[in-house]
**Q** 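Quick one: the structure is below, questions incoming.
In the text below, chain A, chain B and the rest are named by the order of the sequence lines, each starting its count at 1. The model shown is predicted, which means the values in this text are computed figures rather than measured ones.
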Amino acid sequence: MLELNDINVYYGKIHAVKNISLKIKKGELVALLGANGAGKTTTLRTISGMLRAKSGSIIFDGQDINKIEAHKIVAMGLAHCPEGRQVFSRLSVLENLKIGAFLRKDHKKIEKDLELVYSLFPVLAERKNQSAGTLSGGEQQMLAIGRSLMSNPSLLLFDEPSLGLAPIIIEKIFEVIKELKNEGKTILLVEQNAYNALAIADRGYVLETGNIKLSGEAGDLLANDEVKKAYLGG
Amino acid sequence: MSGTYLLQNLIDGISLGSIYALVAIGFSMTYSILRLINFAHGDILMIGAYSGLFIMVAWQLPLWASLLGAMIFAAFVGMLVERIAYRPLRGSNEEATLITSLAVSIFIENLGIMVLSPQPRGFAIPKFLTKLHTINEITISNMTILIISLAIILMLVLTYFVICTRMGVAMRACSENINAARLMGVNINKVVACAFAVGSGMAAVAGIMLAGQYGRIEPLMGFVPGLKAFIAAVIGGIGSIPGAALGGYVLGLSEILLVALLPAAYSGYRDAFVFIILILVLLFKPAGLLGTLEGRKV
Amino acid sequence: MDTVKKNKIVLSVEGITKKFKGLVAVDNYNLQLPEGEIIGLIGPNGAGKTTVFNMLTGIFPPTEGKIMLAGSDITGFRPDHIVQRGIARTFQNIRLFSNLSVLENVVIAAQIRKKYGFISTLCSSASFTKEENELITKAEEYLEALGIAEYKEQKAKNLAYGIQRKLEIARALATNPLVLLLDEPAAGMNPQESIDLMHTIRKLKDEFNLTVILIEHDMKVVMNLCERLQVLSYGKILAEGTPEEIRNNKLVIDAYLGRSTASA
Amino acid sequence: MLSRRDKLYTGIALIIFLGLLGILNNTLSGYHMRLINLIGINIILVVSLNLTNGFCGVFSLGHAGFMAVGAYVSAILALPLTKKALVLPELPTWLGSIEVNFLLSLIIGGLVAAFFALLIGYPVLRLSGHYLAVATLGFLIIIQVLITQLSHITRGARGINGLISYTNVWWVWGTVIVTIYAVWRIVNSSYGRGMLAIREDDLAAESLGINLTSHKLLAFCVGAFFAGVGGALWGHLITVVNPLSFDSNRTFNLVVMSVVGGMGSITGGVIGATLMTIVPELLRNLEVGITIFGMSIPPLYGLSQIILAGALILVIFFRPHGLVGNWEFNWNFLKKSKNISKTTQNL
Amino acid sequence: GEQKDAAKDNEAAAGETIKVGAIFNLTGAQASLDGPSLNGFKLAAKEINAKGGVLGKQIEVISIDGKTDQTSATNAALKLAEEDKVVAMAGFSDSNYALAAGPTAQEAGIPFITTGATLPSLPEQVGDYFFLAPFGDDAQAYAAADYAVEKLGSKTAYILKDTAMDFTMNLAAYFEERFKKYNGEDAILLEDTFKTNDQDYSAQINRLKAMKTKPELLFISSGPSDCGIIVKQVREAGIDIPIISGDGFDTPLLIELGGEGANVDTYFATHTCLTNEKELVKNFVTAYQEEYSREPENGFAALGYDTMYLIADAIERANSEDPTAIRDAIAETQGFEAVTGTISYEPGNRVPKKSVSVLKVEDGKFAFVEEVTP
Ligand SMILES: Nc1ncnc2c1ncn2[C@@H]1O[C@H](COP(=O)(O)OP(=O)(O)OP(=O)(O)O)[C@@H](O)[C@H]1O
Ligand SMILES: Nc1ncnc2c1ncn2[C@@H]1O[C@H](COP(=O)(O)OP(=O)(O)OP(=O)(O)O)[C@@H](O)[C@H]1O
Ligand SMILES: [Mg+2]
Ligand SMILES: [Mg+2]
């Protein structure tokens with residue numbers, strides 16, 4: 001479904017992503033791990049068209065999307081829940097969610113998805129008319145996840161969805177992600193919380209300073225000594 | 001001071017305020033999305049007025065047609081300016097875009113002086129618009145009525161557009177966070193171009209109204225209204241369309257009423273008083289009349 | 001732990017409340033904080049933890065209640081006055097001076113105690129030079145203490161996330177506080193980095209004789225570091241006690257911890 | 001802080017520079033010397049503007065207003081008594097009967113401007129961003145109105161003419177050196193760091209013990225002081241001041257110089273002011289009618305401004321943070337060749 | 001920018017040219033006044049050159065844009081004096097800029113004739129190298145007051161003046177002085193103000209309408225850019241007492257913008273009437289039309305034209321290219337016939353004694369009413 005071939009990404013002179021290749025099959029949940037600054041966010045931003053790879057190709061649904069503008073990639077069925085939430089702070093919670101469904105025209109289904117998001121995150125229903133900027137950090141994170149679900153995507157990119165959340169919510173979010181996978185969505189998950197991520201993922205990649213260092217089945221990675229030492233705190 | 005005197009001044013203030021409001025609304029369209037103080041907005045207004053005059057004189061078309069034509073032409077120029085001068089700087093710092101817009105303004109003004117000659121020209125409006133109505137010693141011309149109603153109609157239409165249409169929602173999203181808007185599938189180039197088109201079209205309307213009301217156009221006519229639009233938009237609250245309109249009315253009304261209410265010997269102090277009022281407004285409402293202070297969320 | 005309890009109270013908070021247009025973000029929050037303690041403030045997202053910090057540091061004045069630091073009332077003081085009295089903080093969303101160097105970031109915080117005046121600045125007097133040099137040495141010490149001295153010439157925005165977090169702590173320390181407020185210092189760190197951070201905080205506490213309030217969602221860090229925990233929920237204190245007590249508190253499990261974390 | 005080596009280099013450079021000025025002063029035509037003086041005055045204005053707009057992040061559009069205050073105060077004070085009775089007969093007696101030497105009039109002009117900055121800054125500096133820009137623009141307009149209306153002191157729209165052309169290369173460049181020195185001292189002190197912190201994140205700065213108001217006020221007042229002195233020098237160069245001399249266009253002009261050079265840098269201010277003074281004069285030479293193949297094209301007045309505008313857009317396009325950004329001049333390039341690459345990289 | 005008019009080969013033939021400097025504000029707010037002036041100035045130079053120039057040499061007009069900016073104006077003057085070595089300079093329709101550039105010329109010892117600034121004290125303020133080509137504000141204001149009192153029989157007046165311009169403030173002051181001399185201290189019923197380019201005068205007009213005793217005359221002291229709009233708005237508000245003003249009204253804009261309103265009792269005192277039947281005037285108008293394919297935009301075009309001839313005449317009489325000699329010759333000018341009237345400088349006075357024309361708007365045209373020498 002998604003295939004990255006030898007992509008290289010730069011910020012000016014900084015070479016943030018070096019020759020990365022990865023593959024995600026339809027319906028798979030893949031975890032992308034790595035220390036701070038490894039290039040995880042950069043990779044996701046390149047996939048969703050926010051950044052351009054200098055070389056390499058990104059194949060999504062059989063089409064090279066590296067030169068395609070971000071909004072067209074979204075129209076192809078990709079949703080990206082960005083790092084740092086990026087909610088529209090002066091718009092209300094409800095408006096934020098509606099913008100998530102910006103490209104959709106099936107109003108009935110949108111209403112249904114809205115209910116679904118509310119049932120996943122009841123706080124959002126309580127706060128639906130509050131402006132998003134005044135939500136607490138965790139509430140904003142829920143809003144960002146909810147918003148990315150609203151486009152009814154086939155491929156989801158999550159960038160550290162558990163950042164700053166209460167344990168009980170983290171649990172919930174991983175459940176939600178698992179459920180999404182069960183529904184048949186394809187998911188690329190960037191996480192610091194490597195335990196939880198690998199626990200629900202099919203496969204994983206480990207990035208280090210812009211390079212892919214390790215990859216394999218989730219279970220194997222969990223058991224890998226190197227991974228344990230570097231990322232699992234043991 | 002008689003009631004009619006006050007009423008007459010109120011009407012005149014609203015009429016002047018309507019023109020400021022028209023300019024300010026257009027200004028704030030682009031201002032809210034790109035945080036761009038578009039000093040060239042006043043010059044687009046000038047282009048709108050000249051093209052309106054051209055359509056009326058050269059093609060002998062009626063006022064509504066020249067309004068429409070001028071809007072289209074100004075929208076085109078606005079989009080062109082955005083494409084050439086502002087888009088390459090998208091996402092850059094505020095000062096950079098500010099200077100660019102100043103440069104664009106200098107460019108257009110001097111081109112105007114070279115091409116159109118610095119001589120002011122008369123701008124004649126159809127006879128029926130100059131007709132005066134007198135009720136109880138209060139006079140009001142059809143032109144004034146047209147200006148006020150056009151301002152109100154355009155304001156409502158735009159508010160509807162921004163709140164209810166998809167493009168409008170996309171604009172608001174962009175004005176909050178351009179990158180997140182892209183992730184929602186919003187084509188920001190289209191949105192920004194559209195904002196410039198709408199803003200410039202509004203400027204053209206304002207330009208023709210200004211020219212019609214005062215009967216004169218010249219290449220530098222945009223400078224003062226452009227500055228006032230900036231002031232009005234800020235006073236109203238950055239990014240708020242009703243705010244920009246309100247700011248325009250506050251400015252227009254205070255300019256007229258201060259002269260009317262101050263003794264003649266002090267009317268020269270008008271602008272000082274206007275700005276003292278505006279500074280006071282800002283001190284009590286630091287985010288403008290209708291703006292919301294982005295909460296000190298930590 | 002008993003010895004700690006006997007210590008005198010540095011920070012005493014009596015019934016502070018914060019309302020935002022109808023929403024009661026914090027409701028009657030109380031705290032008696034003895035010198036040298038690390039207390040954990042946990043609770044669901046939106047419970048009002050950061051708001052408590054904001055009130056303590058003067059970002060918002062509390063709607064009601066009183067804050068006493070080392071015996072004097074600081075309620076409603078401006079943030080800069082409060083830091084001078086001795087409460088420093090880090091921010092949940094990192095707020096470094098991103099275009100300035102790491103060293104400058106810390107010197108800015110350290111200069112809170114400088115004494116030279118404007119005239120000596122203009123004529124570059126001896127006292128000016130001496131104090132400036134002292135400030136830089138001081139700042140370097142704090143960077144050393146957090147183990148990030150090697151980055152001192154770099155711009156803050158070019159640092160990796162974890163380093164930025166540490167820099168925020170160094171910066172807060174440089175104001176020489178009595179009480180340090182840490183707002184989710186481990187957010188965005190992987191488990192190994194969190195553990196390293198935990199050790200750092202403990203070391204700093206001893207080295208600088210600090211009293212700490214810690215907001216954190218990483219239970220491993222909280223449970224290991226704190227002697228006492230307060231749980232906020234919907235702005236109210238839901239529970240208070242030792243990590244052990246909190247871990248087994250049914251209310252807290254339901255509202256915050258969830259089954260798996262509690263059992264982990 | 002400068003190392004001993006840097007102090008030496010700076011001293012030598014200063015002596016060479018002053019010597020050069022002396023030589024130029026005796027060889028160049030008055031026209032060219034005037035350009036050199038204008039460059040100096042613009043440097044004073046732009047470097048002082050950078051203190052607020054660049055270092056402190058307080059975007060003020062009121063600089064021309066402070067110039068006006070300084071220029072008028074100094075003009076009125078330094079006008080010889082005989083002329084004063086003629087030109088400004090309505091002055092209050094105490095003002096009408098004093099004549100102050102030029103240096104003192106410059107300083108008083110600057111101080112009065114700084115005092116105005118204190119008055120307006122105290123309420124207004126709590127605003128931020130464009131709100132502050134509008135409020136300071138308002139201040140400029142209020143000053144203009146006052147000058148126009150208080151005609152018994154200022155002669156209103158007529159302006160005060162016949163000022164003695166005290167301003168010469170030594171006054172100007174002496175002030176330039178003082179300005180740069182003072183701003184440089186401030187920037188490299190706790191005050192300057194506080195300003196930078198406020199620019200980067202005012203909330204964090206406040207939470208680290210920085211008093212926002214006093215730091216912003218300091219930047220604003222010092223900036224205004226030098227703007228006042230610069231305005232006074234300008235007035236005694238042109239020898240006539242009137243309200244139109246200090247309008248919003250002049251403020252915008254200064255802002256352009258500041259942004260083109262680099263707002264957060266003294267070096268940037270110097271470069272921006274120099275370029276934006278010289279280039280428009282040079283561009284005048286383009287406004288000449290030419291004859292090609294028997295077709296004569298009349299001179300296109302306004303062409304130089306159009307070209308300048310185009311050039312500005314290009315500069316900003318390639319260097320959105322100005323020509324030097326936040327880079328500051330230093331002597332490192334003299335050290336060793338391997339350091340050269342480092343400095344140019346910073347550029 | 002500068003411009004070297006004479007073709008290169010021409011120059012070679014004559015050996016060299018006589019350089020005359022022209023500083024006009026060709027861009028910025030003053031451009032609409034100064035542009036026509038420069039046109040007139042250059043037209044005259046061209047005519048003179050076609051007739052063989054002066055002292056057997058061609059005149060080369062070096063023109064620099066003052067950009068409506070005092071700094072640019074002084075730079076330009078210095079450049080002309082020191083780089084281009086002109087023998088005389090001319091320019092500006094506004095005293096602010098004349099006051100900036102004039103002293104530079106004075107210091108360099110080069111005569112400067114302002115084509116359009118009418119502040120009578122200018123020469124006194126700048127020095128003995130500075131001359132006015134037009135009459136002073138006092139002359140036109142007195143002429144207007146005289147006409148109003150003697151011919152229109154006005155006993156009371158209302159004054160509306162632009163406070164942003166030196167010219168309008170002075171004009172109003174001189175008018176007031178003269179009018180009060182005729183009709184007593186209380187003759188001015190109200191004095192109101194506005195600012196250049198205000199565009200909306202309704203508040204002032206409302207106050208005028210609300211006055212208890214209505215004045216018999218409106219004196220409107222405005223510049224060319226505002227006059228039409230003011231007249232239009234005054235008339236639209238239903239006020240039809242006579243309006244009178246100075247040369248600020250001498251612009252086609254008065255008719256174009258004033259519309260019907262301008263046809264109602266609107267008078268002004270100015271330099272000349274371009275529809276005048278005088279030979280000189282007619283020749284000028286045709287030559288201007290031929291050169292620029294449009295009517296002279298305003299009276300300043302004629303003043304620019306006259307100034308060039310005035311300078312050429314002085315050079316001829318001085319029989320020298322020495323600036324000081326030329327200055328002396330200008331100062332001795334007597335009975336010089338120009339489009340804008342006869343120019344004579346009385347000894348020690350560098351404001352010419354010139355006749356003032358009073359014009360009236362009739363059927364959308366300027367009509368000559370009378371010529372007075374106040
Ligand atoms: N806007 C930017 N400009 C310059 N460099 C950047 C920018 N964004 C990221 N980088 C650099 O690129 C590298 C990769 O960053 P990236 O954000 O992709 O890391 P990450 O793996 O997502 O880390 P984290 O876990 O902290 O989110 C880092 O060295 C970072 O400093
Ligand atoms: N400036 C504000 N205006 C309005 N409401 C606010 C503001 N700041 C916070 N709130 C509200 O107050 C509540 C408490 O917020 P706070 O940021 O203190 O939560 P928190 O406990 O820190 O949560 P998290 O763990 O997610 O950071 C939230 O519901 C939030 O929406
Ligand atoms: Mg990341
Ligand atoms: Mg929080």
Side-chain angles (χ1 to χ4, degrees), chain C residues 53-54 57-59 78-91 93-101 103-125 128-129 131-133 135-136 139 155-157 168 171-172 174-177 181, chain D residues 1-4 6-7 10 54-57 114 126 178-219 221-222 225-226 262-265 321 325-328 342 346:
Chain C
F53 274 18
N54 285 342
T57 53
I59 309 260
R78 278 209 322 251
D80 51 325
H81 289 169
I82 291 182
V83 213
Q84 304 211 318
R85 300 290 179 111
I87 302 184
R89 74 177 291 180
T90 65
F91 295 92
N93 302 314
I94 296 183
R95 303 188 81 124
L96 290 170
F97 305 125
S98 40
N99 287 307
L100 305 187
S101 75
L103 186 66
E104 280 173 308
N105 265 276
V106 184
V107 172
I108 285 168
Q111 74 191 25
I112 194 171
R113 313 264 173 237
K114 65 103 195 176
K115 285 181 209 69
Y116 63 77
F118 189 59
I119 302 297
S120 11
T121 304
L122 282 187
C123 40
S124 183
S125 71
F128 172 88
T129 320
E131 272 194 60
E132 278 286 295
N133 286 330
L135 282 179
I136 291 171
K155 272 192 184 177
K157 69 172 175 193
E168 267 222 338
R171 202 175 62 169
T175 64
N176 199 10
L181 315 184
Chain D
M1 265 159 286
L2 290 184
S3 67
R4 186 171 297 160
D6 289 347
K7 274 184 189 155
T10 309
F55 291 107
C56 200
R126 75 183 75 168
V178 172
T179 311
I180 291 181
Y181 174 78
V183 173
W184 172 74
R185 288 303 322 153
I186 292 172
V187 169
N188 288 292
S189 73
S190 65
Y191 299 100
R193 278 191 304 269
M195 291 170 195
L196 292 178
I198 292 172
R199 177 187 76 190
E200 294 292 318
D201 186 334
D202 56 349
L203 194 113
E206 202 180 9
S207 299
L208 290 169
I210 288 165
N211 184 333
L212 298 187
T213 319
S214 68
H215 278 78
K216 286 183 184 174
L217 263 183
L218 180 70
C221 290
V222 173
F225 175 83
F226 287 110
M263 296 210 310
S265 149
H321 291 275
N326 286 342
W327 177 79
E328 207 61 88
K342 203 173 158 195
N346 280 339

**Q** Contact part of C:Thr175 toward chain D, heavy-atom cut-off under 4.5 Å: side chain, backbone, both or neither?
**A** side chain

**Q** Report the option among D:Asp201, D:Leu196, D:Ile210 that has the most heavy-atom pairs separated by less than 4.5 Å from atoms of chain C.
**A** D:Asp201

**Q** Would you mind checking which part of C:Leu122 comes under 4.5 Å of any heavy atom in chain D, side chain (CB onward), backbone (N, CA, C, O), both or neither?
**A**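 Both parts, heavy atoms under 4.5 Å.
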
**Q** Under 4.5 Å, counting heavy-atom pairs only, tell me which of C:Ile87, C:Leu96, C:Ile82, C:Ile108 racks up the most with chain D.
**A** C:Ile108

**Q** Let's test your reading of the structure: which of C:Ser98, C:Ala88, C:Ala109 forms the most heavy-atom pairs below 4.5 Å with chain D?
**A** C:Ser98

**Q** Relative to chain C, which segment of D:Val178 carries a heavy atom at a distance below 4.5 Å: side chain, backbone, both, or neither?
**A** neither

**Q** Under 4.5 Å heavy-atom distance to chain D, tell me which part of C:Leu135 shows up: side chain, backbone, both or neither.
**A** side chain

**Q** State the CZ-CD1 distance between C:Phe97 and D:Ile198, to the nearest 0.5 angstrom.
**A** 9.0 Å

**Q** Taking C:Asn99, C:Ile112, C:Val107 one by one, which has the highest count of heavy-atom pairs under 4.5 Å against chain D?
**A**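 Result: the option with the highest number of such pairs is C:Asn99.
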
**Q** Do C:Ile59 and C:Arg89 come within less than 4.5 Å of each other through their side chains, counting heavy atoms only?
**A**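 Contact flag for C:Ile59/C:Arg89 side chains = yes.
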
**Q** List for me each residue that meets ring pair (Phe, Tyr, Trp, His ring centres under 6.0 Å) alongside D:Tyr181, sequence neighbours excluded, and say none if there are none.
**A**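 In terms of ring pair (Phe, Tyr, Trp, His ring centres under 6.0 Å), with neighbours along the sequence ignored, D:Tyr181 is linked to no residue.
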
**Q** Suppose we screen for salt bridge (charged side-chain N to carboxylate O under 4.0 Å, His left out). Which residues come up paired with C:Arg78, at least two apart in sequence or across chains?
**A**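 Once residues adjacent in sequence are excluded, the partners of C:Arg78 under the salt bridge (charged side-chain N to carboxylate O under 4.0 Å, His left out) criterion are C:Asp80.
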
**Q** Is the NZ or CZ atom of C:Lys114 positioned over C:Phe128's six-membered ring, under 6.0 angstrom from the centre and within 45° of the axis?
**A** no

**Q** May I ask you to say whether D:Glu200 pairs ionically with C:Lys157, meaning some side-chain N is under 4.0 Å from a carboxylate O?
**A** no

